[in-house]
S.K.: 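What follows is a single structure, and I will ask about it in a moment.
Every chain is numbered from 1, with letters handed out A, B, ... down the list of sequences.
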There are 2 protein chains.
Amino acid sequence: MSDVARLAGVSIKTVSRVVNDEPAVHPDTAERVVDAIERLGFRRNLGARNLRRGSSTGTLGLIVEDVGNPFFSELNRAVERTAAAFARQVLTGSSDEDPERERELALEFCARRVDGLLVVPAGERHGYLVPEMRAGTPVVFVDRPAGDIVADTVLVDNAGGAAEAVAHLTACGHRRIAFLGDSQEIYTARERLRGFREGCARAGVRCEERLVLMRPPTAHNVADAADRLFAGRGSATAVVAGNNRVTVHLLRALALRERRPALVGFDDFELADLLDPPVSVVAHDVSALGETAAELLFARVQGDQSPPRKVVLPVRLVARGSGEAGPA
Amino acid sequence: MSDVARLAGVSIKTVSRVVNDEPAVHPDTAERVVDAIERLGFRRNLGARNLRRGSSTGTLGLIVEDVGNPFFSELNRAVERTAAAFARQVLTGSSDEDPERERELALEFCARRVDGLLVVPAGERHGYLVPEMRAGTPVVFVDRPAGDIVADTVLVDNAGGAAEAVAHLTACGHRRIAFLGDSQEIYTARERLRGFREGCARAGVRCEERLVLMRPPTAHNVADAADRLFAGRGSATAVVAGNNRVTVHLLRALALRERRPALVGFDDFELADLLDPPVSVVAHDVSALGETAAELLFARVQGDQSPPRKVVLPVRLVARGSGEAGPA
DNA sequence: CCACGCGGCGACAACGTTGTCATAGTGCCG
DNA sequence: CGGCACTATGACAACGTTGTCGCCGCGTGG
C-alpha cells in the first residue's frame, strides 16, 4: 500500500480511503490512486484489515465426514449458498469420522478466527469446543448432536423415518424385516435403529436380533451382511437400509440374486427412481438441513443470545416400488 | 496474549516463545504459561501470526462450478486430501458457471492471500488473474483451460474419449449416432463434440448436424432434445451423452420409452452398473485430476519456476452394455 | 578476581491496515 | 478582516503476533 501511496504521491492513509470508498477524497486524487493501484496490481490484505478492524474474518468453518459423499456435498452446497447470502466464505474439512481429525480441524478453524463453526460431529466428546464457544465462536451441530455439550443442533427425524419405513413394509405384508445400519458409534445409525424397533413394535412385528446388523458400510461388509440376512429358511423378506452408503452397496450385492427382498433406504439418492425396481426411500431435505444450520449460525454471529435450539426436520417416505413387493 | 502474560507473570514475548515451542524457556516458566493459556482458553491468532511472519497463510482456494455436483465434490475431496498432506486448508466456492462470480471468488481468495488457486474456469477471460499471478499467487486450471492466459492446466482427454465412445458404438453396428452435449460455451463440451466428429470420421460414419444438440443440461432441455433425436424415421439409434448431468437426465427421459437407443455417457457415475441395461461410460479418474492439480500447485508454491505445464489425463471406455444393443 | 559465555527473559519494532485526531487551505458570513 | 465551517489530507497509534537485540545473573576458565 505504501508503494501505491508513493506512486500516487499521496499518503498511505489516502490510499486506504480510496480502497474503502470513504468520502472526502478529491476526485483527481482518487483517480491517481486508482491508477497506481492498477499499475501495481495492488490488492489489500484482508488479513491485516480484519486484524486492525477487529471485525469478523468473513469466513465460517464446515466440518463434515467426507465432502466427497453426495449427502455432505449437497449439505456443503447449501451452506455455501447461505454463507454467500451473508457475505461469508467457507472453509471445509473432512473428518473421515475420526474425532481427533475433527478436533484438529475445528481448533485450526478457530485459530483462523472463523465467524462460526458448523460441525457434523464424529465422536462423542466435544468438550474441547467449550473454550472456543465461550470465547465467542458460535457452533452449530448438524445431522448429529454433540455428545457432551449443549449447543444449537439441527437434525432430521431419524427415528420417525425408520419407523415409517417399517410401517410401509408391514403394510405390504412383510413380517420378517431386517435392518442394516452403519456402525453403532454413529448417532444417526442408533436413532434409526431405535425407530426401526419402534416401528416393529407399533406394527406388532417381532424385531429379530439376528436380522439387525450394524457395521461400517464398506462394500465387503454389506455384501457379507446380505449373505447372512437373506440366505436360508426364515430369512428376511424385506430390509431397511440405514443410509445412502448402505443402500448403494446393498443394491449392488442384491443385483446378483434372482429373488430380491423388498427394500426401503434411508436418504434419497440420485437415480433411485431409475433402478429396477425403483428404490423407495425415507427422504429428507438436505439443502434445508444446511440452510437451517447456517441460518441458525448467522443468527448467533449477529448476537442472538437465546438458549440453544434443537431443530428437527421432517422426513417423508417416498414409495417408488421397491418396498411394495409382497413377502413371498 | 497479554492477558496470558499478565496471569503468568511474564512478558508477552515469553508467551510467544512457549506457544511456538522455542527453546530457552525455563520449564517452570513454561508451565506457568501453559496453565494460564488453559485457564484463559487462549488460542493464538493465526491471521496476526501470518501477517507478522510474512509467511504463507496455509490456505488454498478452490473454485468449481458446483461443490454439490458429484464430479466436483469428488474433485474437492481429492484436493482436500492433497492439501492436508501439505498442511493446507481449503477455501471452496461455486461459480455456478458464472464468470463474474468466479472472478469475485478468485479475487476475494487472493485478498485473503491464499497460497494458491485451483480453478475450474467458467468463462473464457482470465486476464484478471494476471496481476495476481505476477504478484506470486500460483494458479492451476483444472478440467478446462483458461481462455486467454497461459498457466498450468490439468485436463482429461475429452476428444479422445468421445472418439472412443463413437468407435464403441460403430463397432456395435450403429450408423446414426447422436451427440447431446452441454452448452458450446463450455470447453469440455466443445472438445467432446470435436472428438465425436473425429470418431465419426474415423469410423466412416456421417455426422449429421441435426443429430448434434448442445445446451445446458436441465431436465427440460434434455427431455426436449430426446424427443427430437429419437422420434420419427431416420432418428438416431445411439447417443453419446456429453457429461454426467446429460446422462442422468437423458436416462430419465428415455425411461418412458419402450425402445431405448444405445447410450454411452461421458463421466462415470455411481450406480451406472446397476441400471438396466448398465450404462457404458467414458470414465476418468477424478481423484487423480484433483491430486495432480493440487500437486502441481504445491510445486509452484514451493518455488518451481519451470514453464507452465499442461497435463492431459487418460480416459477409458467402460463397456457395461448400454452401448452394445444393435441398431435396429 | 575478571572476562566471557550462556541461559533466561523483556523491550521494541514491524507486518499491512484503519480509526482518531490534527492541520492546512478555502469560501462565506457578519 | 476575523472567525467559522468545511474539504482534503497526513501523522500516528493500534490490532496480535514474532524477530532482533540487549540486559541480567550465574558459572567457569584463565
S.K.: Decide yes or no, distance alone: a donor-acceptor N/O pair under 3.5 angstrom between the base of D/dG10 and the side-chain of A/Arg17.
M.R.: yes
S.K.: It should be established whether A/Ser16 places a side-chain nitrogen or oxygen under 4.0 Å from OP1 or OP2 of nucleotide C/dT18.
M.R.: yes
S.K.: Does a side-chain N or O from A/Asn50 land closer than 4.0 Å to OP1 or OP2 of D/dC15, or not?
M.R.: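 No, no such contact exists.
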S.K.: Can you tell me if A/Thr14 touches the phosphate of D/dT9, counting only side-chain N or O atoms and a distance under 4.0 Å to OP1 or OP2?
M.R.: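 Checking D/dT9 against A/Thr14, no side-chain N or O comes under 4.0 Å of OP1 or OP2.
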S.K.: Determine whether A/Arg113 and B/Asn45 make a side-chain contact, defined as any pair of heavy atoms from C-beta on separated by less than 4.5 Å.
M.R.: yes
S.K.: Examine the base of C/dT17 for any acceptor or donor lying under 3.5 Å from a partner atom in the side chain of A/Arg52, and report the outcome as yes or no.
M.R.: no
S.K.: Ignoring backbone atoms, establish whether A/Ser2 has a side-chain N or O less than 4.0 Å from OP1 or OP2 of C/dG16.
M.R.: no
S.K.: I'd like to know if A/Arg245 pairs up with A/Asp182 as an ion pair, taking the criterion as any Lys NZ or Arg NE/NH1/NH2 lying under 4.0 Å from an Asp or Glu carboxylate oxygen.
M.R.: no
S.K.: Hey, are A/Asp304 and A/Ser306 close enough side-chain-wise for a donor-acceptor pair under 3.5 Å?
M.R.: yes
S.K.: Looking at A/Arg49, I'd like to know whether one of its side-chain N or O atoms comes within less than 4.0 Å of OP1 or OP2 on C/dT18.
M.R.: yes
S.K.: Does a side-chain N or O of A/Arg44 approach OP1 or OP2 of C/dT18 to a distance below 4.0 Å, or not?
M.R.: yes
S.K.: Does C/dC15 have OP1 or OP2 sitting under 4.0 Å from an N or O in the side chain of A/Asn45?
M.R.: no
S.K.: Tell me whether the side-chain N/O atoms of A/Arg53 come closer than 4.0 Å to OP1 or OP2 in C/dG19.
M.R.: yes
